[in-house]
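Single-structure report; data block below.
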Amino acid sequence: MFTGKGGVGKTTMAAASALKYAAVGKTLLISTDPSGSLSTIFGCSLAGRVVPVGENLEAVELTRQLILKLWREKFADEIYTVLSSFLPVGREILDYIEGAPGIDEEFMLDYLLTMARSGSYEVIVWDTAPTVTTLNLLFVQRLFYSHLTAAQKVYLKVKSVFHQVDPLALIDKWLQLTADIITLLKTDTRAWVVANPECLPVEQALDIAGALSDFGIGVNGFILNKLLPEEVCRGHAFWNAKYEAQQLWRRHLDASAGSRPVLEICDLADNLNSRAGLERVIPFLAPE
Ligand SMILES: Nc1ncnc2c1ncn2[C@@H]1O[C@H](COP(=O)(O)OP(=O)(O)OP(=O)(O)O)[C@@H](O)[C@H]1O
Ligand SMILES: [Mg+2]
């Protein structure tokens, strides 16, 4: 996964890495950012569908619409059977449940899990939404897990009301799904945290690296993106001041990163939102 503050270069790094991985094995590039820009980079709509965008490379931008459609296909019938067995409700109850906070986040990660389990890809590169949204996405998992654990107790008390269906079996299934997602994140996921050499992006990068580690997600390291080249800045008061300010935050990140590597990418002063742009980024990425 590629994470970090808004606008720092997550999508660019994720897409360039995906191209790099595609040279060695089948790769899927997924964006869970509702305002994602992968479609612009690859020059075709990736909203809500998996599209081949190169040799060994497929990409998709997850939309709320797609996620809720998949949610309905997978779970709606079961939920309706449970609810309608003790409440006089029609299927419109599903519209109501669909609007509950966290449902789309939960199933975005279910989509990742499904793709990971499909066995079709060697690597899945996950381009995330900016920091806070992504952390919410992760913490909703834990919340959902404890919510379902509490739900088990509630349903046990009212078990006698149900005929034909066993809501506990459904809750067990959901609990298992959430546990599987948490396992996927903890065991098969590695994060690169992207930052620009400025105060807030660096501070946020350090915070998110800490939060990911606490969650149990391995952090590969940091990508410090858009460094100004010294030779271009020297001799110009404005650019020199900017260069010095960047160096301050570069040193701060280096000092705080501990044993984690900090990859550096200079400002390429060009539009990178194309395949050719991504090719320029690849040489800076870690050799894995
Ligand atoms: N090293 C670089 N040199 C020049 N331009 C860059 C560099 N890295 C990224 N950019 C450009 O900066 C802009 C923002 O990058 P990108 O979209 O990858 O950031 P992001 O973190 O995904 O943003 P968001 O939080 O909005 O999703 C893009 O136009 C991209 O082409
Ligand atoms: Mg992005």
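Everything quoted here is computed from the prediction, not taken from an experiment. Atoms within a ligand are numbered from 1 in the order they appear, just like the ligands themselves.
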Quiz item: Would a distance-only check, ignoring hydrogens and angles, find a side-chain to backbone donor-acceptor pair under 3.5 Å from Ser39 to Leu46?
Solution: yes

Quiz prompt | Between Gln176 and Asp180, a side-chain donor and acceptor under 3.5 Å | solution = yes

Exercise. Count the heavy atoms of every other residue, nucleotide or ligand shown that sit under 6.0 Å from CD of Glu55, and state whether that count exceeds 12.
Key: no

Practice problem: Say whether Ala15 and ligand 1 are in contact under the criterion: heavy-atom distance to a ligand atom below 4.0 Å. | Solution: no

Quiz item: Could Glu58 and Lys26 be called an ion pair, given the rule that one side-chain N must be under 4.0 Å from one carboxylate O?
Solution: yes

Quiz item: Under 2.8 Å from the Mg ion (ligand 2), how many protein N/O/S atoms can be counted?
Solution: 1

Practice problem: Look at atom CH2 of Trp174 and say whether more than 12 heavy atoms of other residues, nucleotides or ligands are closer to it than 6.0 Å. | Solution: yes

Exercise. Any atoms of ligand 1 less than 4.0 Å from a non-hydrogen atom of Thr12? List them with their elements.
Key: 9 (C), 15 (O), 16 (P), 18 (O), 30 (C)

Quiz item: Out of Met13, Lys10, Lys226, whose heavy atom is nearest to atom 13 (C) of ligand 1?
Solution: Lys226

Practice problem: Working to the nearest 0.5 Å, report the span between CZ of Arg72 and CD1 of Ile67. | Solution: 14.5 Å

Practice problem: Any atoms of ligand 1 less than 4.0 Å from a non-hydrogen atom of Asp267? List them with their elements. | Solution: 3 (N), 4 (C)

Quiz item: Hey, is the main chain of Val89 close enough, under 3.5 Å, to the side chain of Ser84 for a donor-acceptor pair?
Solution: no

Quiz prompt | Distance-only side-chain donor-acceptor flag, Gln246 / Asn196, under 3.5 Å | solution = no

Self-check item: Identity and distance of the protein heavy atom lying nearest atom 14 (C) of ligand 1
Solution: Gly7 O, 3.8 Å

Quiz item: Distance only, no hydrogens: is a donor on one side chain within 3.5 Å (strictly under) of an acceptor on the other, for Thr11 and Asp127?
Solution: yes

Quiz item: What protein heavy atom is closest to atom 27 (O) of ligand 1, reported as residue, atom name and distance in Å?
Solution: Asp33 OD2, 3.2 Å

Quiz item: ligand 1 versus Asn225, non-hydrogen atoms closer than 4.0 Å: side chain, backbone, both, neither?
Solution: side chain

Self-check item: Contact check: Asn273 vs ligand 1, nitrogen or oxygen atoms, below 3.5 angstrom
Solution: yes

Practice problem: Can you pull out the closest protein heavy atom to atom 7 (C) of ligand 1? Residue, atom name and distance to 0.1 Å, please. | Solution: Leu272 CD1, 3.3 Å

Exercise. Please check if any side-chain donor atom of Glu122 sits under 3.5 Å from a side-chain acceptor atom of Thr27, or the reverse.
Key: no

Self-check item: N/O separation below 3.5 Å, Thr11 to ligand 1
Solution: yes

Quiz item: Starting from atom 17 (O) of ligand 1, which protein heavy atom do you reach first, and at what distance in Å?
Solution: Ser37 OG, 3.9 Å

Quiz item: Under the criterion side chain to side chain donor-acceptor pair (under 3.5 Å), which of Glu230, Glu231, His236 is the partner of Arg234?
Solution: Glu230

Exercise. Answer yes or no: does an N/O atom from Val8 fall short of 3.5 Å to an N/O atom of ligand 1?
Key: yes

Practice problem: Go through the side-chain N and O atoms of Ser213 and Arg260 and say whether any donor and acceptor fall under 3.5 Å apart. | Solution: yes

Quiz prompt | Nearest-0.5 Å distance, CG of residue Leu224 to CD1 of residue Ile265 | solution = 9.0 Å

Quiz prompt | Numbered atoms of ligand 1 (with element) below 4.0 Å of Leu268, judged on heavy atoms | solution = 1 (N), 2 (C), 3 (N), 4 (C)

Quiz item: Any N/O of Gly6 closer than 3.5 Å to an N/O of ligand 1?
Solution: no

Practice problem: For atom 19 (O) of ligand 1, find the nearest protein heavy atom and state the residue, atom name and distance (0.1 Å precision). | Solution: Gly9 N, 3.0 Å

